[in-house]
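Keep in mind that the numbers below use all heavy atoms, side chains included, and drop hydrogens, waters and symmetry copies. In this text the structure is predicted, and so the values were computed from the model without any measurement. Just follow the structure's listing: the first ligand is 1, and inside any ligand the first atom is 1.
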Amino acid sequence: MGVETPTTGTAAIDRDRIAELTRVEMDKLKQRIPGSRERWERGKKVMPGGVPSSFQTIDPWPVFIERGEGARVWDVDGNEYSDFHNGFGVVVVGHANPHVTAAVQAQAARGTHFAAPTQGSITVAEELQRRFKLPQWRFTNSGTESTMDAVHLARAATGRDMILKIEGSYHGHHDAVMVSVYPELEELGDRDDPRSVVYGAGYPRALTELTRAVPFNDADALESVLNKLDGQVAGLIMEPAMMNINIIPPVDGYLDRVRELCSAHGVKLIFDEVKTGCTIAPGGATERFGVDADMVTLAKATFGGYPGGAIGMTDELAELVSSGEYHQYGTFNGNPLVMAASEATLLEALTPEAYAKLEATNEKLLSGSRELIDRYGLPCYPEGMGAKGCVIFSSEPLREYRDYLSKVDGELASLAWLYHMNHGIFMTPGVEEEWTLSVAHSDDDVQRYLDAFEAFARDVTGS
Ligand SMILES: Cc1ncc(COP(=O)(O)O)c(C=O)c1O
């Protein structure tokens with residue numbers, strides 16, 4: 001599957017109007033969420049920034065959620081929203097999914113933790129083996145832990161230390177991957193020989209020697225870097241479709257060449273499917289794009305709203321784990337509650353029919369957005385697959401991070417977010433994010449999204 005060339009409108013954007021609309025909508029949002037502000041002020045006294053994770057920091061302040069059911073969430077001020085954020089792409093089963101809730105309740109009544117294997121871990125591993133075609137699986141508690149183990153395993157298998165990643169990609173917050181996450185344009189260097197840039201304080205500068213970045217969708221640049229670093233690179237970690245700078249699909253043939261180049265250079269290929277896994281197809285990007293990696297990392301949607309992660313690996317890599325050469329540890333790995341949630345998610349909630357529905361709902365959302373973009377001549381385009389989608393505020397298609405930095409209109413994207421929030425759409429904050437649908441999303445939720453987007457389009461273009 002490749003990238004179609006999207007077309008966008010050419011409506012002139014009046015910057016003064018955008019600034020004024022942003023002021024008005026921001027004021028509206030503040031009026032709607034005073035209870036969240038109260039909690040945020042109180043939270044700040046005990047948690048840095050008033051939030052449990054820095055990703056939950058948003059302007060003007062975080063929206064505190066009270067409960068969720070199906071495709072809807074309610075905040076502490078009683079506002080009800082259709083949830084397109086879905087916990088950063090986790091709750092594809094829908095909030096309080098009855099299958100998952102029953103499975104977790106049943107397990108909770110039988111004990112929540114033993115640090116000994118249970119039947120659930122075998123059942124989930126068997127299903128992941130079936131979906132992702134990798135023979136062996138281990139569990140973790142998050143995406144960060146999964147990608148950390150995968151990087152370690154690549155090093156253990158090759159005896160090399162260096163890791164390659166894609167410019168502008170996020171794989172969690174362990175040392176090896178906190179390099180070239182969101183660098184500035186002028187920091188990037190040559191595309192055939194990009195500079196590595198550490199992301200934030202607390203990560204040693206020496207990491208830039210161990211982790212190098214390459215641009216996405218450019219197999220020639222990868223080849224040139226691999227030739228230069230021949231014999232030194234342990235692994236390449238990448239999202240097969242980028243999902244942390246909006247959505248950028250791979251161009252035709254790119255992933256096949258990546259696979260060939262990695263094999264030719266003895267480099268372990270790691271598909272980070274924390275976002276794509278079990279969301280864009282039952283077997284994630286591996287299935288959708290038909291290219292096999294040496295390792296697949298999972299978390300988020302695979303665990304139905306519970307904190308789990310997994311790494312799929314080849315038999316050769318599994319031998320390093322089972323022999324004890326590589327120490328893959330974790331008190332909560334394979335926790336029975338998380339396994340019960342995942343088993344119900346994979347076997348009862350995310351069925352083939354569920355995937356067909358997700359795809360159909362997304363198609364309505366993408367084509368509805370397309371229609372509005374055309375009608376109002378907006379300089380943006382819709383992109384998506386499976387449960388994932390977004391409107392990208394660029395008048396040209398994005399192929400990689402350098403495009404994202406130079407072409408995306410952050411002001412429009414931020415204003416669209418305010419319109420969503422003020423029109424009952426709980427939307428992922430951040431210019432770089434996308435929506436995630438759940439099996440509970442209905443035509444009403446789609447229409448609600450489109451109505452909010454139309455209000456935005458009308459006001460932005462002064463129609
Ligand atoms: C592609 C990707 N990999 C890894 C992670 C880290 O996952 P977690 O937040 O569960 O540690 C994320 C988180 O958003 C992600 O998007």
Side-chain angles (χ1 to χ4, degrees), residues 51-58 85-92 132 138-154 163-182 199-200 203 211 213 216 235-250 255 269-280 284-286 288-289 293 295-312 330 332-333 335 338 341-342 345 384-390 400-401 404 428-436:
V51 287
S53 154
S54 296
F55 276 137
Q56 294 171 17
T57 304
I58 51 173
H85 179 318
N86 251 323
F88 277 131
V90 168
V91 196
V92 176
F132 291 87
R138 270 284 173 97
F139 293 102
T140 70
N141 305 286
S142 66
T144 294
E145 287 183 27
S146 299
T147 62
M148 181 184 72
D149 273 325
V151 164
H152 292 164
L153 261 173
I163 293 294
L164 288 186
K165 74 186 282 286
I166 302 290
E167 278 176 357
S169 64
Y170 178 71
H171 298 289
H173 67 287
H174 58 92
D175 283 12
V177 291
M178 283 296 271
V179 170
S180 298
V181 177
Y182 296 121
Y199 188 47
Y203 296 96
T211 302
F216 190 62
L236 165 63
I237 183 164
M238 64 184 296
E239 286 190 283
M242 293 191 81
M243 296 237 166
N244 281 305
I245 45 171
N246 298 137
I247 294 177
I248 307 186
L255 293 176
L269 176 59
I270 304 162
F271 277 170
D272 180 356
E273 294 228 41
V274 165
K275 278 194 157 178
T276 54
C278 304
T279 61
I280 65 168
T286 301
R288 193 152 187 135
F289 302 117
M295 279 174 269
V296 163
T297 56
L298 298 173
K300 294 199 190 247
T302 305
F303 297 89
Y306 289 76
I311 322 144
F332 281 98
N333 292 6
N335 170 268
V338 176
S342 185
T345 296
M385 58 191 89
K388 299 280 200 177
C390 55
E400 53 156 308
Y401 180 62
Y404 169 81
T428 332
V431 172
E432 73 282 4
E433 277 295 338
E434 69 268 344
W435 69 64
T436 304

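For atom 3 (N) of ligand 1, the closest non-hydrogen atom of the protein is Asp272 OD2, 2.6 Å. Nearest non-hydrogen protein atom to atom 4 (C) of ligand 1 is His171 C, 3.3 Å.
Comparing Val177, Thr140, Thr144, Asn244 by heavy-atom distance to atom 16 (O) of ligand 1, the nearest is Asn244. Between Ser53, Ser146, Gly143, it is Gly143 that holds the heavy atom closest to atom 7 (O) of ligand 1. Of the candidates Glu239, Lys300, Lys275, the one placing a heavy atom closest to atom 13 (C) of ligand 1 is Lys300.
Close contacts of ligand 1 with Gly172, meaning ligand atoms under 4.0 Å from a residue heavy atom, involve 4 (C), 5 (C), 6 (C). Within ligand 1, the atoms closer than 4.0 Å to a non-hydrogen atom of Ser142 are 10 (O), 11 (O), numbered from 1 in the order shown.
Tyr401 and Phe216 have their aromatic ring centers separated by at least 6.0 angstrom. Ring centers of Tyr170 and Phe55: under 6.0 Å apart, within the cut-off.
Among residue pairs with one or both ends in residues 167-176, those qualifying as salt bridge (Lys or Arg N to Asp or Glu O under 4.0 Å) are Glu167-Arg402; sequence neighbours excluded.
Partner of Thr147 under the side chain to side chain donor-acceptor pair (under 3.5 Å) criterion, chosen from His174, His152, Lys165, His171: His174.
Contact annotation: the side chain of Phe289 approaches that of Ile280 to within less than 4.5 Å [non-hydrogen atoms, C-beta and beyond].
The pair Glu145-Arg138 fails the salt-bridge criterion, with no side-chain N (NZ, NE, NH1 or NH2) lying under 4.0 Å from an Asp/Glu carboxylate O.
The closest approach between a heavy atom of Tyr170 and any atom of ligand 1 is below 4.0 Å.
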